[in-house]
Amino acid sequence: MVGNNVAHSNKRTKRKFNVNLFSKKFYWVEQDCWINLKISAAGLRLINKVGLNAALKSAADKGNLSVIDSL
């Protein structure tokens, strides 16, 4: 998303609003392996709420994951 920084003098300069992404390593109990995910802060809260397996299944159903075939 693109927006403006607005100075005190009301001068406007372009800026970008980037997604809050970071790499995180999770232990997937159902598959007995470690996986690395590039995940947002909202995605991390979703995994904490519903669990890793349910979050991966819902992401695969929506088409957000292309690597997971064995769900």
Side-chain angles (χ1 to χ4, degrees):
M1 182 180 277
V2 177
N4 289 316
N5 280 333
V6 181
H8 183 69
S9 63
N10 210 22
K11 182 177 180 179
R12 296 167 192 269
T13 56
K14 286 290 187 182
R15 64 162 292 186
K16 290 184 180 179
F17 293 94
N18 295 322
V19 180
N20 188 11
L21 287 180
F22 53 94
S23 295
K24 181 82 173 149
K25 193 173 185 179
F26 293 97
Y27 182 69
W28 195 5
V29 178
E30 287 79 8
Q31 296 289 327
D32 193 33
C33 64
W34 288 92
I35 57 172
N36 290 320
L37 294 176
K38 193 175 225 185
I39 191 166
S40 65
L44 184 60
R45 286 193 303 271
L46 180 71
I47 288 175
N48 286 336
K49 184 177 181 181
V50 299
L52 179 62
N53 201 41
L56 287 174
K57 281 189 179 186
S58 68
D61 291 342
K62 292 178 184 177
N64 295 332
L65 290 179
S66 60
V67 184
I68 306 289
D69 294 343
S70 61
L71 288 177

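Below, each value reflects all heavy atoms present in this structure, side chains not excepted, and no hydrogens, waters or symmetry copies. This one's a predicted model, so the numbers in the text were calculated from it and none came from an experiment.
- The distance from the CD1 atom of I39 to the CZ atom of F26 is 4.5 Å, given to the nearest 0.5 Å.
- If you take CD1 on I35 and CG on L52, they are separated by 5.0 Å, rounding to the nearest 0.5 Å.
- Cluster annotation: W28 and L46 are assigned to distinct hydrophobic clusters (Ile/Leu/Val/Met/Phe/Trp/Tyr, side-chain heavy-atom contacts under 4.5 Å, transitive).
- Nearest heavy-atom pair, V50 versus A55, reported as atom, atom and distance to 0.1 Å: CG2-N, 4.1 Å.
- In this structure, F22 is a member of the same hydrophobic cluster as L37, with clusters built from ILVMFWY side-chain heavy atoms closer than 4.5 Å.
- Counting heavy atoms from C-beta on, the side chains of D32 and Y27 come closer than 4.5 Å.
- Note on L56 and V29: separate hydrophobic clusters, where clusters join Ile, Leu, Val, Met, Phe, Trp and Tyr whose side-chain heavy atoms are under 4.5 Å apart, directly or indirectly.
- Side-chain contact check for R15 versus N4: every heavy-atom pair is 4.5 Å or farther apart.
- Scanning for ring-ring contact (aromatic ring centres under 6.0 Å, His included) contacts around F17 gives an empty result, with sequence neighbours left out.
- Annotation for S40 and V19: closest pair CB-CG1, 4.4 Å, computed over non-hydrogen atoms.
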